[in-house]
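Both ligands and their constituent atoms are indexed starting at 1 by order of listing.
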Amino acid sequence: MLQHWSRAIAHIWGLEGSLTQLDGEYDLNFSVATPTEQFVLKVMRPGCEQAFVDMQCLSLEHLHQQSLSAQVPVPQVITTLEGQNFTVYHDPRGKPRIVWLVSKFEGLNYAHFQPKSGVLIHQLGSYMGHMSAQLESFNHAYLKRDFKWNLMQSGWIEAELGCIENLERKEIITSIVEQFKALETDLNNLPQQCIHNDVNDYNILVQGSLNQAPHISGIIDLGDMCLAPRVCDLAIAGAYIVLDQAQPEQALAQLVAGVHSSAPLTAMEVALVWPLLRMRLAVSVVNSTLMALDNPDDPYITISQGPAWAFLQNHRMSGGLIEARLRFACGLPLNTAAKPTLAWLSEHSGAFFPLLGADIDLNQAPMVDLSVEGSSIPQDPFSIQPHEAQQLINPNLQLALGYYLEPRLVYTGKAFKNGSWPSSNRRTVHLGLDIFAPAGTALHAPLAATVEAIDNRQANLDYGGVVILRHRSPRGDEFYSLYGHLNPSSVTQLKVGQELSAGDVFAHLGEPSHNGGWDPHVHVQLALSIEGMGYDWPGAVDPDDMNLWQSVCPNPSLLLNLDHDVTQYSPPSKDHAQQVRQDHFGQNLKLSYAEPVMFLRGWRHYLFDEWGRPYLDAYNNVPHVGHAHPRVAQVAAEQLVRINTNSRYLHPSRSAFAEQVLSHMPSELSVCYFVNSGSEANELALRLARAHTGAKQIITPQHGYFGNTTGTVDISAYKFASPKARAGGLSQPDWVHLVDVADDYRGQYRRDDKAAGELYAQQVAQHIATLKTNGEQLAGFIAETFPSVGGQIVPPPDYLQHVYKHVRSAGGLCIADEVQTGLGRLGDFYFGFEQQQVVPDVVVLGKPIGNGHPIGVVVTRPAIAASFAHGPEFFSTFGGSNLSCVVGTEVLRIVEDEQLMNNAQDMGKLLFAGLRKLQREHACIGDVRGFGLFVGVDLISDPDSRKPATQIADYVKNRMCEERILMGSEGPDDNVLKIRPPLTIGAEDVNHLLHMLDKVMHEVKVLTA
Ligand SMILES: Cc1ncc(COP(=O)(O)O)c(C=O)c1O
């Protein structure tokens, strides 16, 4: 058959090319590749009307002619050698078929493309806007045919609803049809024009790669064109766009905003998008249900309905709120009353009756800061405690105000969470204004009102008593105000419909026992419309939706005669922080991630940005026992108010810390030195080695990192051998000798070589031999037990045994840097050297031991300490301060008390099992290695050569950050994903990480295909 159609394209278009058959429901489609170009050959079904093809060809021609202002990527018709758009050719069975040829676009179906970002959807919308503007001037007789997919004719499904057996589903479709019928007059009043009518996810092509932002490369298949209002086109595209989105309403808003950017929509059209979108889905499911009845043996028909049914059944979003969102996306006012109402409120602000009575001037009340940055309430941002909720502000304050639009972590109830993971999005931004005043304080109506609703919401952390008042501006526009946390018995005295005059007392502030459990205050909120939300107003909203909600619920300061600017929260400026950094910080201090993040709070293995958005921290090892651990904070605070002095005085905290550290060490290591950092500890380790051996020569692995001081940079190949070393005035000192990292995945000796450990260690022996020949003496060997910046490497299990044997026989010391691997992170081992079954001469501990407080510790054998003691005094002013000692001791105790080493072991198992599963599914995962919560995922672009996939690692790390999960990348080629969370991480978090990593890895598959 392919040969037959190859001959056809040579005969009709004079083209030589190879053909591949493409999918097609009714017609035959072939991809045609010539040496220079690609086409699609369309062989229409037998009996296809010429007008049908003629309509498509002329519309494509029209779009190409019209595209002066914007080129919509639609195919170009290739005319035959005789200059026709299409012709008739006989198929192998001798049947006449209409054939035509169009240019082919590169790209993948939108259905299969990942990621489907807001930017991509907006671009699609923008192309669709241009296309509808260009198609407005196109006409063709065939557009007027009767057509079941024309939304204007979609009422046919009403007579077919009997085919849906499931009652719940039937009810949903019935209500969609009812709503559609109610809108038919509006729809019929809209101008009709030619529309594409089928911008579905298989008719949109997308191109993108790791370094090219995804973009729409083609919109194809104009076979469903018809005459209808242009909004039908948008609604149909929307019906596909929403289906596999976690936040469909936001995706739809992007599409609508995109259309509006190139073909401004009217408010009427915006109002029709959601009902028409649902009607299109209804037509789809009714049509396929009927098809399934006709084709009972084709399970695919039923399966293909799945996403549409899932959407209709699971996303019962309020049409009113969707409309508000879509209007907002288009920059349209909330409704016709919004603007004049706000103008009237502004004009009269200052003259409304004072809410707390004529004697109380709220302008004199101080603002209290309950923000993510400004408040440490609640201590646990996942669970506010009753005593915290009941004492949000200083108890000495009689009157205080809480900000409008302030991001707060106090909303810890389930109802405030928008997803199922512990660090899913949550509603943090306060949409009202709080007035803190004693319980019992009377509230006076600020202006004439009708009682719209009263309620007693008794759940903990809800409103308790709540009242909604309806007001009317002189123009006749209605707006609403809400008052929460009231005394319920004062509220129940009100009647719905009751009229209030300005100044009338209508309620009193409640006690915590009745107001939801809060410090007595009233939450005041204004709403310009209650369309879609009824009486269930969100008092706090997701920061990503904050601007939208601001348009529905503006700052109630107007009603309270308060200054808008004083009462509206402004967060610490991320831009300012970045600018100061740019101007006044050394420029070789890197920021993590392409889009830098600002964190204002931490808790366990979570971080919170300036708007209270939670991030899962799977990267930071300094907060070993979790960010902001209360026990660490408490011992530090208590110590600071007692004494914090230096190690020249006796103090029990110092001996306690030493005993605590030594309790985990082999008994041979019994002398401690306390310093302030890993760098300082490694410096001291070098001095110990030199003092004990009288020698200076050091052997260390490639790509090691030991700190930022002169001495530690000298032994850190990661620094002195980096591409920028020369510019930084760095080079390898003549007393430093490098061996390969014992990397059994990509090094010269691999996992299948049982002697790999010994062979890598042999390089140490070789250096020692050379030193001997040169008359030099070895001071020691220093290595991170598991090289971290080297790529989260686990050396072969006997590696250090062999190395230490060689080093000791040459009189050198063996120094183990356990900064990254110590203190239980490995799950199975408290220290990395235990896994290698060696006892070092010097052990260096660093950052995790202080959980954020700067502490370094060096532990050694008494004989080595004795050699060092012959020299001048060793003293570090802050090292071993009382503060450091109590913090260090507490951190080690918490590891025990909370069984964090066990947790590292359990979570490590879960993580490794999940990562290994991903490895089987994603070819770019070359290796998964580590122990416990010290994990490396080595990404490759070729399984045979194991070529490092640096760009993929960069993509994954940044996308994971966009998904609010922090991980890093490491290794000489920066291709190893580094997962190294605080040891508190839980199973749900690990599953969250794995789920997102899988999603991002799928994107990688698409972007690298
Ligand atoms: C293995 C290792 N040693 C030493 C250091 C230096 O520690 P600090 O930054 O506390 O000086 C680091 C820091 O990243 C490290 O990872």
Side-chain angles (χ1 to χ4, degrees), residues 586 588-590 592 619-624 673-689 698 700-722 736 738 741-743 780-795 800 814-823 825-826 831-833 835-836 840 842-859 876-881 884 887-888 891 930-931 933-936 966-972 974 976 978-982:
N588 52 348
L589 173 61
K590 283 190 301 184
S592 300
Y619 179 70
N620 285 295
N621 63 342
V622 174
H624 192 64
Y673 298 86
F674 298 135
V675 289
N676 307 286
S677 66
S679 304
E680 207 187 329
N682 277 319
E683 283 281 354
L684 178 58
L686 288 180
R687 288 185 63 193
L688 290 174
I698 290 285
T700 187
Q702 288 278 7
H703 220 77
Y705 180 62
F706 300 99
N708 60 42
T709 55
T710 307
T712 52
V713 168
D714 273 346
I715 55 170
S716 298
Y718 168 63
K719 294 291 170 196
F720 69 66
S722 84
V736 175
L738 296 176
V741 173
D743 175 355
F781 170 87
I782 182 167
E784 301 160 71
T785 308
F786 294 176
S788 182
V789 294
Q792 301 286 95
I793 306 292
V794 179
L800 283 185
C814 300
I815 307 170
D817 180 329
E818 289 277 347
V819 170
Q820 296 278 344
T821 39
L823 316 185
R825 170 163 298 278
L826 303 178
F831 292 112
F833 61 74
Q835 187 266 348
Q836 292 279 312
V842 181
V843 174
V844 168
L845 304 177
K847 35 198 176 184
I849 202 165
N851 213 56
H853 181 73
I855 304 181
V857 180
V858 178
V859 186
S876 167
T877 302
F878 303 111
S881 70
S884 294
V887 167
V891 169
F931 273 96
L933 295 173
F934 176 93
V935 183
L966 302 184
M967 352 195 329
S969 59
E970 280 297 5
D974 208 13
V976 180
K978 180 164 167 176
I979 305 176
R980 201 188 47 175

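- Among protein residues, S677, G678, S679, N682, Y705, F706, G707, E784, D817, V819, Q820, K847 come within 4.0 Å of ligand 1, judged on heavy atoms.
- There is no side-chain donor-acceptor pair under 3.5 Å between T821 and E784.
- In this structure, the ring pair (Phe, Tyr, Trp, His ring centres under 6.0 Å) partners of Y718, at least two apart in sequence or on a different chain, are H703, Y705.
- Using modelled atom types, one finds no donor on one side chain facing an acceptor on the other under 3.5 Å when comparing Q820 with R825.
- Residue pairs that meet the side chain to side chain donor-acceptor pair (under 3.5 Å) test with at least one member in residues 847-858, sequence neighbours left out, are H853-S884.
- For F831, the ring pair (Phe, Tyr, Trp, His ring centres under 6.0 Å) partners two or more places apart in sequence, or in a different chain, are F833.
- Taking the ring centre of F934 as origin, the terminal cationic atom of R980 falls outside the region bounded by 6.0 Å and 45° from the ring axis.
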